[in-house]
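Note sheet for the following structure.
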Amino acid sequence: MTTALIQTADGTFTAYFSGTGLARLDFPIGGRVSRSNRTGLSAQAGAWLSLTERALKQALSGKSPGKWPPLDLSAGTEFQRCVWNALREIRSGQTKSYAQVAQAIDRPGAVRAVGQACGANPIPVVIPCHRVLAAGGKLGGFSAGLDWKLKLLRREGVVPESD
DNA sequence: AGTTCGGACCGTT
DNA sequence: AACGGTCCGAACT
């Protein structure tokens, strides 16, 4: 896997590319300053990086991200990939509850497992785990920090209920 | 209305 | 066997 840094107004993300596509995206980690490094990438990875960079910046500003590179979700279990695919169908500005997602993948009752799967999502923002709220439109949790979840949602025009 | 509590549910480690 | 990014109903303020 090759890694590459992506600078945005919100910090420096880290992207991981396998031979199949974008496999992982990390939120900025505090305090390190480095510049995007494109050297040493295969032509294909370079192209994917360009796509990722452009789409990520669009997504972060609440606009339509356009085309993402192919995603490599092979690290996940079958159930997790199922959930992640369902998440990708939630458009910007829309939200679903964990129960609704469970419903959508035809496993009502697997509500908590869905929560787990969301937390295991390797490609946040691209796979919009932040658009999944708790019942009643309440914020729910977020492994990368609730501040991120709020920030992303508000840029898409979503205002969660306060409990 | 709001709050707390308890149990049921299911995939992962 | 234990833990979640949950949910719902019951039983209280």
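The sequence lines fix the lettering, A, B, ..., with proteins before strands; numbering per chain opens at 1.
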(message) Measure CD/A/Glu161 against C1'/C/dT6 and give the value in whole Å, please.
(response) 18 Å
(request) Report the nucleotide, chosen from C/dG4, C/dG5, B/dG11, that has the shortest atom-to-atom distance to any side-chain atom of A/Ser143. (result) C/dG5
(message) By nearest atom, which of the nucleotides C/dC7, B/dG11, C/dG5 is closest to the A/Ala113 side chain?
(response) B/dG11
(message) Measuring from the side chain of A/Gln80 (C-beta onward, heavy atoms only), which nucleotide among B/dT12, C/dC8, C/dG5 has the closest atom?
(response) B/dT12
(request) Quickly work out the A/Trp84 CH2 to B/dT12 C1' distance and round it to whole Å. (result) 12 Å
(request) Would you mind reading off the distance between A/Leu87 atom CG and C/dG5 atom P, rounded to a whole angstrom? (result) 15 Å
(message) Does A/Arg88 have more than 12 heavy atoms from other residues, nucleotides or ligands lying within 6.0 Å of its CZ?
(response) no
(request) Searching all strands shown, indicate the nucleotide that pairs with C/dG5 (Watson-Crick or G-U wobble; both distances under 3.5 Å). (result) none
(message) Regarding A/Gly109, tell me which of base, sugar-phosphate or nothing describes its non-hydrogen contacts under 4.0 Å with the strands shown.
(response) sugar-phosphate
(message) What is the distance, to the nearest angstrom, from the CG atom on A/Leu150 to the C1' atom on C/dG5?
(response) 14 Å
(request) For A/Lys96 and C/dT6, give me the distance from atom NZ to atom P, rounded to whole Å. (result) 18 Å
(request) Count the heavy atoms belonging to other residues, nucleotides or ligands that lie under 6.0 Å from CG of A/Asp106, then report whether that count exceeds 12. (result) no
(request) Measure from the side-chain heavy atoms of A/Gln116 and tell me the nearest of C/dG5, C/dC3, B/dC10. (result) C/dC3
(message) What is the distance, to the nearest angstrom, from the CG atom on A/Leu152 to the P atom on C/dG5?
(response) 18 Å
(request) Give A/Val114 one of three labels, base, sugar-phosphate or nothing, depending on what nucleic acid heavy atoms sit under 4.0 Å from its own. (result) nothing
(request) Check the distance between B/dG6's C1' and A/Arg112's CZ and give it to me in whole angstrom. (result) 12 Å
(request) Step through the shown structure and confirm whether more than 12 heavy atoms of other residues, nucleotides or ligands are within 6.0 Å of NZ on A/Lys151. (result) yes
(request) Let me know which of A/Val126, A/Leu22, A/Leu49 forms a side-chain contact (heavy atoms from CB on, under 4.5 Å) with A/Pro69. (result) A/Leu22
(message) As a test of understanding, state which of A/Gln94, A/Lys63, A/Arg131 forms a side chain to side chain donor-acceptor pair (under 3.5 Å) with A/Glu156.
(response) A/Arg131
(message) Rounded to whole Å, how long is the line connecting atom CZ of A/Phe79 with atom C1' of B/dC10?
(response) 7 Å
(request) Could you check which nucleotide pairs with B/dC9 in any of the strands shown, counting Watson-Crick or G-U wobble with both distances under 3.5 Å? (result) none
(message) Can you identify which nucleotide, out of B/dT12, B/dC10, C/dG5, has its nearest atom closest to the A/Ala110 side chain?
(response) B/dC10
